[in-house]
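Take a look at the structure below.
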Amino acid sequence: MLVRYVVRKGSGTYNILFFVLAVLILFILAASFEKNVPGLAFSGASPLNIRWDGTSEFARFLAGRGTVFLVENWSSAEHNSFSGCTTLFIISPEKAFSQEELSSISHIVLESRAKAVILDEGSYGNQVLEVLGIPVRINAFKYITSLNNSGIVYGYVNVSDRVFYIAFAYVSPVTILDSGSCHPIAYANNFVVGAYCHWNDIEAVVFGDGSIAINAVFNSSSQNIYRAMFSTLIDYLCKNTSQRTFIVDASKYNPRLLSFKELVDLYGVEKAIAIYVNPVRYLYLAVYGISNQLAMQTFLIPTIILCLYSMARFKRGKIGEGLSTMPKTRMSKTYIEILRSVCLDHKDCVERLRCLTKQRMNRKCVDGLTNYFKEDLEARKKLVRHLMTLLHTEKFK
């Protein structure tokens with residue numbers, strides 16, 4: 001008989017390993033979306049950053065004067081109820097706000113009648129000013145420099161007729177678009193770098209510099225000029241209201257990996273080693289660097305497809321175990337060539353299966369060839385005569 005049996009060995013083991021691998025990948029990627037991943041911190045002016053460029057001391061300062069809400073998700077924050085004198089703080093965001101986030105911020109400000117304090121030398125603070133309709137713009141990254149081209153310049157802030165002489169670091173000018181609603185309150189090198197606005201029942205204070213709130217300048221000394229300035233500013237905005245709520249953005253800052261030394265200082269050597277080699281924090285950092293939607297498309301969706309595919313293979317493998325004694329059949333090349341040879345001598349077969357003229361036949365062509373002989377009685381007769389001829393030739397060789 002010109003038929004041979006083929007059994008795929010080890011397919012069950014392969015399916016199981018493939019399935020386990022896909023599940024592990026899925027779990028690792030899911031973990032990379034988790035919050036509070038060990039071994040990570042935030043950079044820039046984040047209130048969660050305890051280094052010199054963070055604003056954790058500023059958040060602590062606010063906590064001593066009221067209730068502080070650190071917002072990592074504006075959509076969730078929108079559903080909170082804020083009471084008393086509510087003040088929104090946006091400090092040097094490192095990433096743009098989405099339209100959904102801006103809508104949530106606008107809703108919070110309007111519903112809670114919150115004051116807005118924007119401290120930013122970049123362009124993202126302008127997004128918040130625009131959505132709130134505040135007629136002030138920050139001239140992003142057009143830094144004011146000193147005579148020796150240093151980014152550190154000195155100026156003053158006038159709040160409620162109290163003047164505070166402070167240093168700015170890479171401060172951008174601000175432009176007042178409506179002098180009837182806004183007036184300057186801060187200057188550096190004769191440039192306006194701060195403004196107060198009362199527009200459409202919204203009070204807002206804008207500074208072209210977020211460095212005036214970072215840990216490097218905001219120490220705990222009672223004589224600290226920055227603490228004194230912000231205390232006066234908050235008292236001015238909240239008037240005589242005793243209950244005060246502060247909403248501080250913590251969503252627009254990039255994560256960073258803690259160094260091994262930082263991990264040891266925080267957790268000790270043994271736990272630091274475990275965290276340092278944990279792949280989840282590296283995956284989290286990679287995923288966080290792109291938008292959530294793109295992350296889903298790039299990582300999660302293909303992984304789910306991979307997992308489902310492996311499950312299907314695993315299921316087929318389990319079903320196939322009961323049929324392992326029933327081998328699959330595959331026609332030998334010799335048998336296929338015999339069918340092809342007979343068909344090429346048959347005009348109707350050639351017209352129906354033009355793929356036979358190609359050097360290599362695909363699976364579809366082979367299936368069509370076998371079906372042709374199943375359906376055509378005359379073709380089968382020719383095949384039998386051809387086989388008899390071959391057997392006769394082999395017998396008398």
Q: Please name all residues satisfying side-chain contact (heavy atoms from CB on, under 4.5 Å) with Ser83, sequence neighbours left out, ordered by chain then number.
A: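 Here the qualifying residues are Gln243.
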Ignoring hydrogens and geometry, is there a side-chain-to-backbone donor-acceptor pair from [X] to [Y] under 3.5 Å?
X      : Y      : result
Thr55  : Ser46  : yes
Asn49  : Arg51  : yes
Asn224 : Val217 : yes
Thr245 : Gly84  : no

Using the side chain to side chain donor-acceptor pair (under 3.5 Å) criterion, which residues pair with [X]? Sequence neighbours excluded.
X      : value
Ser146 : Asn148
Arg244 : Asp235
Asp249 : Trp74, Ser251

Work out which heavy atom in [X] is nearest to a heavy atom in [Y]; give both atom names and the distance.
X      : Y      : result
Val153 : Ala188 : CG2-CB, 4.1 Å
Ala167 : Ile212 : O-CG2, 4.1 Å
Gly125 : Ile118 : CA-CG2, 4.0 Å
Ile138 : Gly208 : CG2-CA, 4.4 Å
Pro173 : Phe191 : CG-CD2, 4.3 Å
Ala186 : Val157 : CB-CG2, 3.9 Å

Could you pull out every donor-acceptor pair under 3.5 Å between side chains of residues 196-207 and any protein atom, sequence neighbours left out?
| residue | atom | partner | partner atom | Å |
| --- | --- | --- | --- | --- |
| Tyr196 | OH | Glu203 | OE1 | 2.5 |
| Glu203 | OE2 | Lys115 | NZ | 3.0 |

Show me the pairs that pass side-chain hydrogen bond (donor to acceptor under 3.5 Å, both in side chains) and involve [range], at least two apart or across chains.
range            : answer
residues 149-168 : Arg162-Thr232
residues 262-277 : Arg256-Glu262, Ser259-Glu262, Lys261-Asp265
residues 172-188 : Asn139-Thr175, Asp178-Ser181

Linked, directly or transitively: [X] and [Y] (ILVMFWY side chains, under 4.5 Å):
X      : Y      : result
Ile176 : Leu119 : no
Phe218 : Val171 : yes
Ile91  : Leu237 : yes
Tyr124 : Leu48  : no
Val159 : Val136 : no

Q. For Ser56 and Asn215, does a side-chain donor sit closer than 3.5 Å to a side-chain acceptor?
A.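 Side-chain D/A pair, Ser56 to Asn215: present.
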Q: For the pair Asp209 and Val193, evaluate side-chain contact (heavy atoms from CB on, under 4.5 Å) and give the outcome as yes or no after the intermediate values.
A: CA-CA 8 Å; Asp209 184 13; Val193 295; over 6 Å; no
Q) What distance separates Asp53 CG from Ser211 OG, expressed to the nearest 0.5 Å? A)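 One finds 11.5 Å between CG of Asp53 and OG of Ser211.
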Q. Mind checking who shares a hydrophobic cluster with Tyr170, ILVMFWY linked at side-chain heavy-atom distances under 4.5 Å?
A.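 Once heavy-atom contacts under 4.5 Å are chained together, Tyr170 belongs with Phe141, Tyr143.
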Could you tell me whether the side chain of [Y] reaches within less than 4.5 Å of the side chain of [X], counting heavy atoms only?
X      : Y      : result
Phe168 : Ile144 : no
Ile90  : Asp120 : no
Ile273 : Phe260 : yes
Ile247 : Thr86  : yes

(Q) Are there over 12 heavy-atom neighbours, none belonging to Leu177, within less than 6.0 Å of that residue's CG? (A)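 More than 12 within 6.0 Å, yes.
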N/O donor-acceptor pairs under 3.5 Å from side chains in residues 103-112, not counting sequence neighbours:
| residue | atom | partner | partner atom | Å |
| --- | --- | --- | --- | --- |
| Ser104 | OG | Glu78 | OE1 | 2.8 |
| Ser104 | OG | Glu100 | O | 3.1 |
| Ser112 | OG | Ile108 | O | 2.5 |

Without placing hydrogens or testing angles, list every side-chain donor-acceptor pair under 3.5 Å for residues 58-67, not counting sequence neighbours.
| residue | atom | partner | partner atom | Å |
| --- | --- | --- | --- | --- |
| Arg60 | NH1 | Glu57 | OE1 | 3.4 |
| Arg60 | NH1 | Glu57 | OE2 | 2.7 |
| Arg65 | NE | Ser231 | OG | 3.4 |
| Arg65 | NH1 | Phe61 | O | 3.2 |
| Arg65 | NH2 | Ser231 | OG | 3.3 |

Q: Write out all pairs satisfying disulfide bond (SG atoms under 2.5 Å apart) with one or both partners inside residues 112-144, taking only residues at least two apart or from two chains.
A: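 As it turns out, there is no disulfide bond (SG atoms under 2.5 Å apart) pair with a partner in residues 112-144 once direct neighbours are skipped.
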**Q.** Qualifying residue, where the test is side-chain hydrogen bond (donor to acceptor under 3.5 Å, both in side chains) with Lys252 and the options are Glu101, Glu72, Glu94
**A.**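 Answer to the side-chain hydrogen bond (donor to acceptor under 3.5 Å, both in side chains) test with Lys252 among Glu101, Glu72, Glu94: Glu101.
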Q. Is the NZ or CZ atom of Lys95 positioned over Phe97's six-membered ring, under 6.0 angstrom from the centre and within 45° of the axis?
A.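 Cation-pi check for Lys95 and Phe97: fails.
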